[in-house]
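To start, the structure under review is shown below, and the notes come after it.
Being a predicted model, the structure only gives us computed values, none of them experimental.
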Amino acid sequence: MTRIVGIRFQKAGKIYYFDPLDYDLEVPMHVIVETARGVEMGTVLIAPKEVEDDSVVQPLKPVLRIATDEDERIVEENKEREKEAFAVCKERIAKHGLDMKLVAAEYTFDNNKLLFYFTADGRVDFRELVKDLASVFRTRIELRQIGVRDETKMLGGIGICGRELCCKSYMADFIPVSIKMAKEQNLSLNPTKISGTCGRLMCCLKNEQETYEYLNSRLPSVKDTVTTPSGLKGEVASVNVLRQLVKVIVDTGDEKELQEYHVDDLRFTPRRRKDVKLTEEELKELKELESIDDSGETLEGEQAVKPNRRDNNRRHNNRNRRNNENREHGNRHDGEEHGASSGSNDSQS
């Protein structure tokens with residue numbers, strides 16, 4: 001067994017495992033830990049406990065100390081400096097004429113690194129921008145390209161339901177959302193009605209998918225033959241998934257009537273529902289709305305809490321492939337100021 005503590009660094013972010021050592025930690029205390037990005041302050045969300053050895057990746061980095069009032073002050077000062085850094089970077093982007101949208105700026109707790117998050121339609125060669133920013137801030141600079149779903153999670157907003165966006169309020173990981181889910185739930189395939197603020201399919205489609213799959217599995221399909229409680233056979237005209245009601249066309253002899261029954265009152269042979277098929281025009285129109293997993297932040301040396309191992313491996317492989325492509329094409333560069341007097345900087349790809 002391994003003793004761990006679960007720490008989160010951002011609201012609705014992933015929870016990472018650390019070694020609590022002998023500290024008496026409780027939720028929601030602030031602690032200082034060392035991550036791959038440097039020293040950071042996080043919030044305890046899982047109190048120290050014992051877990052199976054195979055559920056964590058060793059070695060776990062230890063908690064450095066419990067945060068003090070001075071640490072809280074440093075975090076607040078960093079937030080103010082991030083606003084200034086954001087304005088400077090935005091000005092330099094315009095100066096270099098780069099086709100990119102700056103989303104956020106973030107200082108690490110120890111000010112060892114300054115990260116800028118941006119979105120762009122394609123790959124951007126920002127090596128000169130990195131050198132320029134490094135000479136201004138005299139610290140390690142990292143520019144990170146993110147997807148539209150990550151951008152929306154960072155900026156936040158209000159959904160069409162009138163509540164704060166799910167990704168901003170509680171979702172730690174993005175989930176794949178497909179057109180098939182919209183069809184399964186009998187939704188209109190109008191892009192404006194099934195897409196969220198980010199322009200991708202709404203994440204809440206996934207939240208309701210399991211319920212719809214269960215309810216649909218109990219219903220007959222349209223044009224199926226069913227037997228009513230009175231022993232008459234009829235053809236299914238329509239179904240109400242949520243209310244579990246079925247409208248049946250019954251032949252009474254003299255005429256045909258449309259009658260409504262609860263699914264439990266009907267007798268029919270259940271069959272596996274066919275996969276939803278889309279026409280070429282629907283696929284072409286809705287292809288860009290498909291919401292797939294965007295690249296997420298991973299802190300090396302800590303174990304992020306993930307739903308299951310299969311999803312973990314898939315994300316890990318996809319992330320490694322994306323990182324390799326980024327390094328090959330210059331899509332991620334770090335600039336570091338090595339001395340105020342020399343003025344030299346370093347760019348890594």
Side-chain angles (χ1 to χ4, degrees), residues 9-11 13 35-41 73-157 165 167-168 174 197-200 294-300 319 322-349:
F9 298 94
Q10 295 179 348
K11 179 183 178 182
T35 71
R37 300 195 318 182
V39 178
E40 295 279 8
M41 185 172 77
R73 184 187 63 80
I74 292 176
V75 171
E76 292 301 321
E77 290 181 353
N78 286 345
K79 290 181 180 179
E80 294 299 322
R81 297 179 61 191
E82 287 169 1
K83 296 178 182 178
E84 299 176 2
F86 183 90
V88 172
C89 183
K90 193 172 183 179
E91 177 187 350
R92 298 306 168 99
I93 289 175
K95 176 182 176 182
H96 288 273
L98 298 176
D99 186 16
M100 54 193 289
K101 176 185 175 183
L102 186 63
V103 176
E106 180 182 353
Y107 269 104
T108 58
F109 175 80
D110 56 3
N111 292 326
N112 186 47
K113 183 186 293 186
L114 175 58
L115 298 95
F116 294 99
Y117 299 92
F118 72 95
T119 60
D121 293 334
R123 299 189 180 278
V124 181
D125 183 2
F126 46 71
R127 284 172 290 188
E128 294 301 321
L129 174 63
V130 170
K131 295 177 182 178
D132 195 358
L133 293 174
S135 64
V136 173
F137 297 104
R138 298 186 180 279
T139 188
R140 188 176 179 86
I141 301 294
E142 181 177 321
L143 270 72
R144 184 167 298 179
Q145 186 170 356
I146 61 176
V148 290
R149 301 179 84 192
D150 293 302
E151 175 189 9
T152 305
K153 182 180 179 68
M154 284 186 173
L155 299 180
L165 297 177
C167 59
K168 179 68 173 179
F174 286 115
T197 306
C198 60
R200 299 292 187 264
D294 288 344
S295 58
E297 180 70 13
T298 298
L299 304 181
E300 300 174 1
R319 184 166 57 248
R322 282 192 295 265
N323 289 341
N324 290 336
E325 292 175 354
N326 288 343
R327 283 193 290 268
E328 291 175 1
H329 295 277
N331 240 22
R332 179 174 170 179
H333 300 276
D334 294 336
E336 182 176 2
E337 185 67 21
H338 292 288
S341 59
S342 63
S344 61
N345 54 38
D346 182 25
S347 179
Q348 302 174 355
S349 56

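For the atom pair CG (Leu143) and CG (Leu98), the distance works out to 9.0 Å, reported to the nearest 0.5 Å. Here Ile74 contributes atom CD1 and Arg81 contributes atom CZ; the two are 10.5 Å apart, rounded to the nearest 0.5 Å. Put simply, CZ on Arg140 and CG on Leu115 are 9.5 Å apart, with the number rounded to the nearest 0.5 Å. Separating the NZ atom in Lys168 from the CG atom in Leu155 is a distance of 7.5 Å, to the nearest 0.5 Å. We find the CG-CZ distance between Asn78 and Phe109 to be 7.5 Å, quoted to the nearest 0.5 Å. In this structure, CG on Leu133 lies 10.5 Å from CZ on Phe126, to the nearest 0.5 angstrom.
A search for side chain to side chain contact (heavy atoms under 4.5 Å, CB included) contacts involving Ala120 returns Met100, Phe118, Val124, Gln145, not counting sequence neighbours. Remark: Lys95 pairs with Arg92, Asp132 by the side chain to side chain contact (heavy atoms under 4.5 Å, CB included) rule, at least two apart or across chains.
The neighbour count for Lys90 NZ, taken as heavy atoms of other residues, nucleotides or ligands under 6.0 Å away, does not exceed 12.
Here the side chains of Lys153 and Gln10 are not in contact, with every heavy-atom distance at 4.5 Å or above. Put simply, the side chain of Phe174 reaches to within 4.5 Å of the side chain of Asp150, judged on heavy atoms. Using a 4.5 Å heavy-atom cutoff, the side chains of Val39 and Thr108 are not in contact.
By the 4.0 Å N-to-carboxylate-O rule, Arg127 lies close enough to Asp125 to be salt-bridged with it. Ion pairing between Glu80 and Lys83 holds under the 4.0 Å rule for side-chain N and carboxylate O.
In this structure, Phe137 and Phe116 have tilted ring planes: the angle between them lies in the 30° to 60° band.
Side-chain atoms of Lys113 do not come within 3.5 Å of backbone N or O of Ile141 as any donor-acceptor pair. The main-chain N or O of Ile146 is never found under 3.5 Å from a side-chain atom of Thr119 such that the two would form a donor-acceptor pair. The main-chain N or O of Tyr107 is found under 3.5 Å from a side-chain atom of Glu82 such that the two form a donor-acceptor pair. Remark: side-chain polar atoms of Thr139 are not paired, donor with acceptor, to backbone N or O of Leu114 under 3.5 angstrom.
Minimum interatomic distance between Arg149 and Arg200 (heavy atoms only, all atoms of both residues): CG-CG, 4.1 Å.
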